[in-house]
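A short write-up of the structure that comes next.
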Amino acid sequence: MAEYNPRAIEEKWQKRWAEARVFESDVDASKPIYYVLEMLPYPSGMLHMGHMRNYAIGDVVARVKRMRGFNVIHPMGWDAFGLPAENAAIQNNTHPRIWTNNNIEEFKRVLRRFGFSYDWRREISTCEPEYYRWNQWFFLRMLERGLAYRKKSRVNWCPKCQTVLANEQVVNGMCWRHEDTAVEAREIEQWFLRTTAYAEQLLDDLKLLEGGWPERVITMQRNWIGKSQGAKVKFAVADAPGAEAIEVFTTRIDTIYGACALILAPTHPLVDKLLKGSPEAAKVATKLKQMRQSSAKTEDLATAEKVGFFTGGYGKNPFNGEKMPIWVGNFVLLEYGTGAVMCVPAHDQRDFEFATKYGLPKPIVVQPVSGEPLNDASLKEPYTEYGRSVNSGPYSGLDSAAAIEKMTADAETKGFGKRETVFRLKDWGISRQRYWGTPIPVVYCAKDGLVPVPDKDLPVLLPPNPKLTGMGESPLAATPEFVNTKCPKCGGAARRETDTMDTFVDSSWYFYRYCDPHNDKAPYDSAKVGYWFPIDQYIGGITHAILHLLYSRFWCKVMRDLGMITHSEPAARLFTQGMVQKGGVAMSKSRGNLVGAMDMAEKYGADTGRLYTLFAAPPEKDLEWSEQGIEGCWRFVNKVFRLVDRHGERLRGVKGGKLDVAAASEKEKALLREAHQTLRRVTNDFETRWHFNSAIAQIMELTNEVHAAETHDVRPEALKEVLEMLTLMLAPMTPHLAEELWEMLGHGEGLPRVNWPKFNPELAREEEVEIVVQINGRVRGRMRVPAGLAEEEVTRRALQNPGVAAHMDGKRVVKRIVVPDKLVNLVVT
RNA sequence: GCCCGGGUGGCGGAAUGGCAGACGCAGAGGACUUAAAAUCCUCCGGGGAUUUUUCCUCAUGUGGGUUCGACUCCCACCCCGGGCACCA
């Protein structure tokens with residue numbers, strides 16, 4: 001009697017897998033291809049069960065696909081740049097690289113301990129020059145195409161640190177290190193990638209993802225891109241000859257006759273011009289300053305009170321020539337549309353609130369088609385639905401859709417407006433005033449201005465010994481040997497760009513690099529990528545539903561337009577797994593509720609740990625960590641081990657030939673039937689439904705059956721076949737145990753090369769089935785009949801069933817419903 | 001406010017319009033043991049009847065509906081979780 005020793009078994013098989021290089025895969029035209037990928041981790045302090053669950057799911061998929069004959073690529077790497085490393089470096093007076101690489105080592109140790117089937121030859125780390133030089137290369141390509149550009153943009157600035165803060169370093173509007181210091185908004189020149197150039201495609205191509213991506217991720221992306229169609233309308237500014245017109249974006253041009261004012265964003269460039277020389281200027285100066293300073297990003301923005309003031313200027317409604325006061329309002333955003341709106345209080349929620357507060361008129365210009373007509377005096381809330389235009393000059397009487405159409409067309413003809421589509425999506429600001437990121441490869445020369453670093457000079461390396469203080473100017477700017485360089489054009493003195501790139505750049509294309517990780521001539525060989533791509537199954541957290549996935553989709557389209565790839569979307573299928581929680585909240589360092597994956601592996605072994613995360617909940621749902629639950633999996637794993645151990649020696653001798661089914665006993669037939677029925681359901685759970693938890697439940701059930709059958713006279717041929725099936729079904733989840741069992745059953749070759757068992761419908765077929773008999777939909781009896789029995793006969797026997805007869809009691813059958821081999825329902829009166 | 005999820009025993013969960021509660025956890029009782037652990041066996045939603053057996057009945061957030069039949073589909077509402085939110 002051997003004892004189950006997970007550590008020894010797991011070490012043994014991991015060693016053999018590595019020696020036989022079973023998880024390495026290369027281009028092979030003879031096999032179907034499967035690319036399964038889990039989102040690459042940021043190597044923080046500890047690999048916890050939340051990470052583990054993600055990789056356990058991916059590994060099941062990878063292993064099942066291998067057993068199904070696919071050429072599987074299953075890589076892993078590190079999202080290694082980022083602020084935490086820099087913070088840790090400051091705190092511990094070390095280098096971000098050391099902290100990062102230590103963490104990577106630790107993560108890797110844990111992943112190896114769990115036996116995940118990665119092709120480690122393909123490992124990448126985004127902080128290595130071999131990787132980030134291609135970020136720079138891509139940046140240059142985008143720069144050439146006008147997809148990368150500089151503009152002034154708002155940043156968070158701590159006056160005490162004298163430095164830029166990342167959003168996550170701003171806590172309730174205060175600096176994270178100076179709780180008493182309010183963060184200021186500052187405008188500085190920064191680099192942007194023109195994601196808006198692809199807004200339409202990013203939206204349209206979501207159609208390609210339908211069915212493959214979760215509906216809600218698609219919805220979130222659609223909302224984020226936020227396309228709205230409407231019109232831009234120019235309002236001339238009255239009494240200000242030479243002043244440009246105010247342009248307004250609206251989706252409801254049909255309500256323009258109800259506009260009572262124009263409202264500008266506080267930061268709108270026209271505000272200062274209008275106030276110059278206006279008697280209002282002095283009165284509102286303080287108010288304006290306040291409005292401009294308050295960050296446009298606070299969460300309570302939507303609920304904050306609307307405030308504004310009259311500028312003293314007037315605009316002219318191009319449709320009816322009416323004079324309209326020009327106001328400034330805090331709820332108007334410069335970033336969206338044109339930074340100016342027309343105020344139609346009767347038909348817009350925000351305008352209604354604003355007009356109510358400042359006593360502006362609320363003329364009604366749309367009436368509902370049915371129901372009570374609106375009345376100016378009694379208007380309690382805005383009417384924002386479509387309806388019929390009223391008091392709208394020649395457009396009165398049209399329904400809203402027609403009015404929008406006609407008024408837009410007229411505005412275009414007359415030259416004061418045009419059809420316009422506006423996106424919520426903004427260009428992607430990639431500048432970070434940080435050290436631990438990819439240097440942006442441009443230099444500034446007094447003579448030649450902005451000069452891109454030539455490809456041959458890439459990578460622009462990070463200086464090895466930066467002064468990291470978290471205070472003052474950006475670390476690269478404070479490193480003279482980095483900043484001072486020669487202009488690639490004229491050879492004269494020049495300064496390097498000192499911003500580094502957002503780490504979302506790193507993760508936007510890493511999965512392409514996996515296909516060709518050591519290429520030093522290009523980001524990747526298009527032929528190799530062409531072979532593996534697209535990703536068949538991408539697996540990760542819902543937290544990345546918007547940014548990472550949107551940027552990746554953008555990058556893909558840019559690469560396609562560069563002629564590097566031919567597809568338009570990187571991942572055909574996306575799966576978002578639920579979080580692992582403890583105490584009802586997601587595991588996180590800040591909450592201090594982490595359960596280390598390594599501790600789990602040490603205590604129960606990798607297989608039990610893997611099994612539990614898959615068993616405890618369906619993969620898309622959140623999972624509450626329970627130490628008790630894992631005990632059950634531990635018991636199960638032991639039970640299977642003992643089961644095979646008890647029979648191993650006897651079964652090893654059984655060679656080849658399966659049991660002749662015709663000669664099989666009832667007990668043997670029943671056992672084989674159970675095994676093949678389990679196989680059918682488990683296969684479906686793995687491949688179609690992704691219900692790993694119920695797959696495991698089925699396997700547990702089969703194990704219980706085998707266990708119960710042991711005492712009966714079951715011949716070794718039958719027992720061996722069932723135990724082999726059991727072993728193979730467990731292999732994707734508890735691979736080390738399965739290998740050991742496979743060996744115990746007398747097999748030489750390693751499991752990763754063994755195919756998924758073949759389902760035999762003959763063996764799975766029931767000879768006799770239990771049929772439920774219902775009277776008026778209520779279960780009144782059950783009976784065993786031969787499978788496939790004709791309806792009439794089933795009904796006849798049902799009526800004879802004693803439980804049924806008791807409920808018939810002279811009643812008449814008016815209808816019968818027969819579900820073959822399952823149920824008969826008799827409707828009686 | 002808008003958009004998604006979700007609500008089933010003491011707990012995690014199962015049931016793709018056809019036996020609600022599979023499988024596991026926890027709990028109870030028993031076997032083995034000097035004892036414990038481990039293991040094995042039995043029971044395990046509520047109420048009622050019958051008491052060796054079994055039967056009836058209620059029950060999948062609430063209320064309606066569709067259907068021979070609803071955890072499953074439709075409508076309304078309640079609660080929980082998440083996302084978005086002055087987007088003009």
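Below, each value reflects all heavy atoms present in this structure, side chains not excepted, and no hydrogens, waters or symmetry copies. Note that this is a predicted model, so its numbers are computed, not measured. Just so it is clear: chains get the letters A, B, ... in the order the sequence lines come, proteins before strands, and each one is counted from 1.
Among the atoms of the strands shown, base atoms are found under 4.0 Å from some heavy atom of A/N684. A/V422 comes within 4.0 angstrom of nothing in the nucleic acid, heavy atoms only. Using a 4.0 Å heavy-atom distance criterion, A/R816 is classed as making no nucleic acid contact. A/F636 comes within contact range of no nucleotide atom at all, as no heavy-atom separation falls under 4.0 Å. When heavy atoms are screened at a 4.0 angstrom cut-off, A/G632 is found touching the sugar-phosphate backbone but no base atom. Here A/R780 lies in heavy-atom contact (under 4.0 Å) with sugar-phosphate atoms only. Residue A/T250 is classed as a sugar-phosphate contact, given heavy-atom separations below 4.0 Å to backbone atoms only. Across all strands, A/E770 comes closer than 4.0 Å to base atoms (heavy-atom distances). Residue-level contact check: A/N704 touches the backbone only, with heavy atoms under 4.0 Å from sugar-phosphate atoms and none from bases. Heavy atoms of A/R689 sit under 4.0 angstrom from at least one base atom.
Annotation for A/R784: atom CZ counts as buried by contact number, over 12 foreign heavy atoms lying within 6.0 Å.
Atom CZ in A/R778 sits roughly 9 Å away from atom P in B/A59 (whole-Å rounding). In this entry the distance linking CE of A/M729 with C1' of B/C23 reads 15 Å, nearest Å. Atoms CD1 (A/I546) and C1' (B/G82) sit 12 Å apart, rounded to a whole Å. The distance from atom CG of A/L611 to atom P of B/C25 is 12 Å, rounded to the nearest whole Å. Atoms CD (A/E3) and P (B/A38) sit 13 Å apart, rounded to a whole Å. A straight line from CD1 of A/I246 to C1' of B/A88 spans 15 Å, rounded to a whole angstrom. When rounded to the nearest whole Å, the span between CZ of A/R642 and P of B/U39 equals 6 Å. What separates CG of A/N638 from C1' of B/G24 is a distance of 15 Å, to the nearest Å.
An OP1 or OP2 oxygen of B/G24 is reached within less than 4.0 angstrom by no side-chain nitrogen or oxygen of A/N693. Neither OP1 nor OP2 of B/G13 sits under 4.0 Å from any side-chain N or O of A/H691. Contact annotation: A/R424 side-chain N/O to B/C84 OP1/OP2 distance is not under 4.0 Å.
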The contact string for nucleotides 64-70 of chain B, one letter per nucleotide 5' to 3', using protein heavy atoms under 4.0 Å with B, S and - for base, sugar-phosphate only and none, comes out as ----B--
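Aromatic ring orientation, A/F249 versus A/Y336: perpendicular (interplanar angle above 60°, classes split at 30° and 60°). Ring-plane geometry between A/F641 and A/Y4 is classed as tilted, the angle between the planes lying from 30 to 60 degrees on a 0 to 90 degree scale. Using cut-offs of 30° and 60° for the angle between ring planes, the A/F354 and A/W327 rings count as perpendicular. Ring-plane geometry between A/H544 and A/H548 is classed as perpendicular, the angle between the planes exceeding 60 degrees on a 0 to 90 degree scale with a lower cut at 30.
Counting only N and O atoms by type, the side chains of A/T255 and A/Y383 include no donor and acceptor under 3.5 Å apart. A/E322 and A/Y257 share no side-chain donor-acceptor pair at under 3.5 Å. Defined by atom type and a distance below 3.5 Å, a donor-acceptor pair is missing between the side-chain atoms of A/Q698 and A/Q677. Looking at A/S389 and A/D254, their side chains never bring a donor and an acceptor atom within 3.5 Å of each other. Counted by atom type alone, A/T250 and A/K232 present zero donor-acceptor pairs between their side chains at under 3.5 Å. No side-chain donor from either of A/R419 and A/Q229 sits under 3.5 Å from a side-chain acceptor of the other. Residues A/N825 and A/K815 have side chains that never bring a donor and an acceptor to within less than 3.5 angstrom of each other.
Taking the P atom of each, B/C73 and B/G18 are spaced 11 Å apart, rounded to whole Å. Only the C1' atoms considered, B/C44 is 8 Å distant from B/A28, to the nearest whole Å. Annotation: B/G45 and B/A26 have their C1' atoms spaced 15 Å apart (nearest Å). A distance of about 13 Å separates the P atoms of B/U16 and B/C71, rounded to the whole Å. A gap of 13 Å separates the P atoms of B/U72 and B/U8, to the nearest Å. B/C3 and B/G13 have their P atoms separated by 27 Å, given to the nearest Å. Using P as the reference atom, B/G6 and B/A59 are 24 Å apart when rounded to the nearest Å. Taking atom C1' on both B/G10 and B/G46, the two are 13 Å apart, rounded to the nearest angstrom.
With B/A14, B/C84, B/C19 as the candidates, the nucleotide lying closest to the side chain of A/S694 is B/A14.
Judged by closest nucleotide on RNA chain B, A/E631 is the one of A/G226 and A/E631 placed further toward the 5' end.
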After noting the C-alpha distance and the side-chain angles of A/K234 and A/I246, does the key distance pass the side chain to side chain contact (heavy atoms under 4.5 Å, CB included) rule?
CA-CA 6 Å; A/K234 274 186 202 161; A/I246 293 175; over 6 Å; no
When you look at A/M600 and A/Y604, which way does the side chain to side chain contact (heavy atoms under 4.5 Å, CB included) test go after all the steps?
CA-CA 6 Å; A/M600 207 44 51; A/Y604 298 100; 3.8 Å; yes
Dot-bracket for RNA chain B, 5' to 3', Watson-Crick and G-U pairs with both distances under 3.5 Å, [ ] for crossing pairs, | for partner on another strand, reads (((((((..(((.....[....))).(((((.......))))).(((((....)))))..(((((..]....))))))))))))....
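A syn base is found at B/G9: its glycosidic angle is within 90° of 0.
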Every protein N/O within reach of nucleotides 3-10 of chain B N/O, cut-off under 3.5 Å:
none

